[in-house]
Amino acid sequence: MAQLKRMECQFEIKSSADKFFDVYKNKGYLMPKLSNQVVTDIKLLQGDWNSEGSCRLWHIVVDGGKIESAKEVFEKVDDTNRTIVYKLVGGEIMDAYKTLRSTLNVMPMGEGSLVKWTMDFEKQNESIPDPVKYAEFLTVWSKNVDAYLLNA
């Protein structure tokens, strides 16, 4: 019987928590520019760019160069705690996982911030590996956005 599992990654960035969170909440359409190393395209499928329930189709680079699609719903936004929940609902990623939610949380820390990504997932079957390559994507993506914000 499959079970819900959790994987977390966290790291420090130099951007302010408010500035970093604002980009993820309100400027998703800029991600191919802000992090072109790992986000090749994003299209709005339903809703708008920053409202709960909006649906977007991402094309991301994982596993050292493989481009995959990921259809996600902007499920929940908590401005006070600088938290966003993304629910994956389609694309190649869902061939391996029955469910996958990625939660971004950004906390002020010193002059910069602490970024924490949490992935809650259920595998299609036990032979599927944990989503380490997606955790690596989230880390590179976040660090690219941080670097862009610092140079903007």
Side-chain angles (χ1 to χ4, degrees), residues 4-45 47-94 96-97 99-122 129-152:
L4 195 60
K5 295 185 176 183
R6 174 170 281 188
M7 178 182 288
E8 296 180 350
C9 58
Q10 64 182 26
F11 44 88
E12 294 178 36
I13 60 170
K14 294 180 181 170
S15 298
S16 77
D18 288 333
K19 190 173 183 181
F20 189 84
F21 178 75
D22 179 66
V23 168
Y24 277 82
K25 179 185 172 201
N26 296 310
K27 299 181 173 84
Y29 56 90
L30 289 177
M31 289 304 176
K33 178 180 178 181
L34 303 181
S35 186
N36 63 3
Q37 181 183 355
V38 292
V39 179
T40 62
D41 190 34
I42 181 171
K43 289 185 174 50
L44 183 64
L45 301 178
D48 59 34
W49 287 103
N50 59 354
S51 294
E52 291 180 1
S54 295
C55 184
R56 304 179 283 197
L57 179 64
W58 297 77
H59 288 92
I60 61 173
V61 179
V62 294
D63 256 355
K66 183 180 174 201
I67 296 178
E68 292 188 10
S69 64
K71 185 178 178 184
E72 57 92 353
V73 173
F74 205 55
E75 190 173 62
K76 184 177 180 194
V77 177
D78 178 346
D79 290 316
T80 304
N81 294 306
R82 292 180 207 84
T83 301
I84 300 172
V85 179
Y86 302 91
K87 178 182 178 183
L88 281 290
V89 296
E92 285 92 347
I93 193 170
M94 297 312 292
Y97 302 97
T99 61
L100 194 143
R101 277 186 175 75
S102 297
T103 303
L104 168 67
N105 177 249
V106 189
M107 296 163 281
M109 191 168 104
E111 292 185 20
S113 307
L114 181 68
V115 173
K116 180 178 177 185
W117 283 100
T118 304
M119 289 186 292
D120 294 301
F121 60 95
E122 183 179 358
D130 286 350
V132 173
K133 67 182 180 181
Y134 300 111
E136 291 169 353
F137 159 78
L138 294 171
T139 301
V140 171
W141 177 28
S142 299
K143 290 182 177 183
N144 285 351
V145 170
D146 180 43
Y148 186 92
L149 291 173
L150 291 172
N151 293 317

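Between Arg101 and Leu88 the shortest side-chain heavy-atom distance does not fall below 4.5 Å. Side-chain contact between Ile42 and Leu57 is absent, with no heavy atoms from C-beta onward closer than 4.5 Å. Within the 4.5 Å cutoff, side-chain heavy atoms of Leu100 are placed close to those of Ile93. In this structure the side chain of Phe20 reaches within 4.5 angstrom of the side chain of Leu149, judged on heavy atoms. For the pair Glu75/Glu52, no side-chain contact is recorded, criterion being any heavy-atom separation below 4.5 Å from C-beta on. Side-chain contact between Asp22 and Lys27 is present, with at least one heavy-atom pair separated by less than 4.5 Å.
For Lys76, there are no side chain to side chain donor-acceptor pair (under 3.5 Å) partners two or more places apart in sequence or in a different chain. Residues satisfying the salt bridge (charged side-chain N to carboxylate O under 4.0 Å, His left out) test with Asp130, not counting sequence neighbours, are Lys123. For Trp117, the side chain to side chain donor-acceptor pair (under 3.5 Å) partners two or more places apart in sequence, or in a different chain, are Ser142. For Ser69, the side chain to side chain donor-acceptor pair (under 3.5 Å) test picks out Glu92, with sequence neighbours left out.
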Are Lys71 and Trp58 close enough, and set up right, to give a side-chain contact (heavy atoms from CB on, under 4.5 Å), and what steps lead you there?
-> CA-CA 6 Å; Lys71 185 178 178 184; Trp58 297 77; over 6 Å; no

Apply the test side-chain contact (heavy atoms from CB on, under 4.5 Å) to residues Gln37 and Val61: give CA-CA distance (whole Å), side-chain angles for both, the deciding distance (0.1 Å), then the verdict.
-> CA-CA 7 Å; Gln37 181 183 355; Val61 179; over 6 Å; no

Given side-chain contact (heavy atoms from CB on, under 4.5 Å), test Leu30 with Val23 step by step and report yes or no.
-> CA-CA 8 Å; Leu30 289 177; Val23 168; 5.9 Å; no

Verify side-chain contact (heavy atoms from CB on, under 4.5 Å) between Lys33 and Val39, making sure each step is shown before the conclusion.
-> CA-CA 8 Å; Lys33 178 180 178 181; Val39 179; over 6 Å; no

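Ionic pairing of Asp120 and Lys5 is not present here: no N-O contact between side-chain nitrogen and carboxylate oxygen is shorter than 4.0 angstrom.
Asn105 CG to Thr118 OG1: the interatomic distance, rounded to the nearest 0.5 Å, is 7.5 Å. Rounding to the nearest 0.5 Å gives a distance of 8.0 Å between CG of Asn26 and OH of Tyr29. Between atom NZ of residue Lys87 and atom OG of residue Ser102 there is a gap of 13.0 Å, rounded to the nearest 0.5 Å.
Counting only distance, with no hydrogens or angles, the side chain of Asp41 and the backbone of Pro32 share no donor-acceptor pair below 3.5 Å. Under the 3.5 Å distance criterion, the side-chain polar atoms of Asp63 are left unmatched by any main-chain donor or acceptor of Lys66. Here the side chain of Thr40 pairs a donor or acceptor atom with the backbone of His59 at under 3.5 angstrom. In this structure a side-chain-to-backbone donor-acceptor pair under 3.5 Å is present from Asp78 to Thr80. Of the possible donor and acceptor atoms, one in the side chain of Arg56 sits under 3.5 Å from a partner among the backbone N and O of Trp49. Of the possible donor and acceptor atoms, one in the side chain of Ser54 sits under 3.5 Å from a partner among the backbone N and O of Ser51.
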Side-chain donor/acceptor pairs under 3.5 Å, residues 7-16, sequence neighbours excluded:
residue: Ser15; atom: OG; partner: Asp146; partner atom: OD1; Å: 2.5
residue: Ser16; atom: OG; partner: Lys19; partner atom: N; Å: 3.1

Under 3.5 Å, side-chain donor or acceptor atoms of residues 131-140 against the rest of the protein: list the pairs with distances, not counting sequence neighbours.
residue: Lys133; atom: NZ; partner: Glu68; partner atom: OE2; Å: 3.1
residue: Tyr134; atom: OH; partner: Glu68; partner atom: OE1; Å: 2.4
residue: Tyr134; atom: OH; partner: Glu68; partner atom: OE2; Å: 3.4
residue: Thr139; atom: OG1; partner: Ala135; partner atom: O; Å: 3.0

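Tyr86 and Leu104 make their closest contact through CE1-CB, 4.4 Å (heavy atoms, listed as atom of the first residue, atom of the second, distance). Closest approach of Lys25 and Asp79 over heavy atoms only: NZ-OD1, 2.9 Å. Taking every heavy atom of both residues into account, Glu122 and Leu4 meet most closely at N-CD1, 4.1 Å. Tyr97 and Pro129 get closest at one heavy-atom pair: OH-O, 2.7 Å. Scanning all heavy atoms of the two residues, the minimum distance from Phe21 to Arg82 falls at CE1-C, 3.2 Å.
Just one residue in the list Asn36, Leu34, Val38 forms a side chain to side chain contact (heavy atoms under 4.5 Å, CB included) with Asn144, and that residue is Val38.
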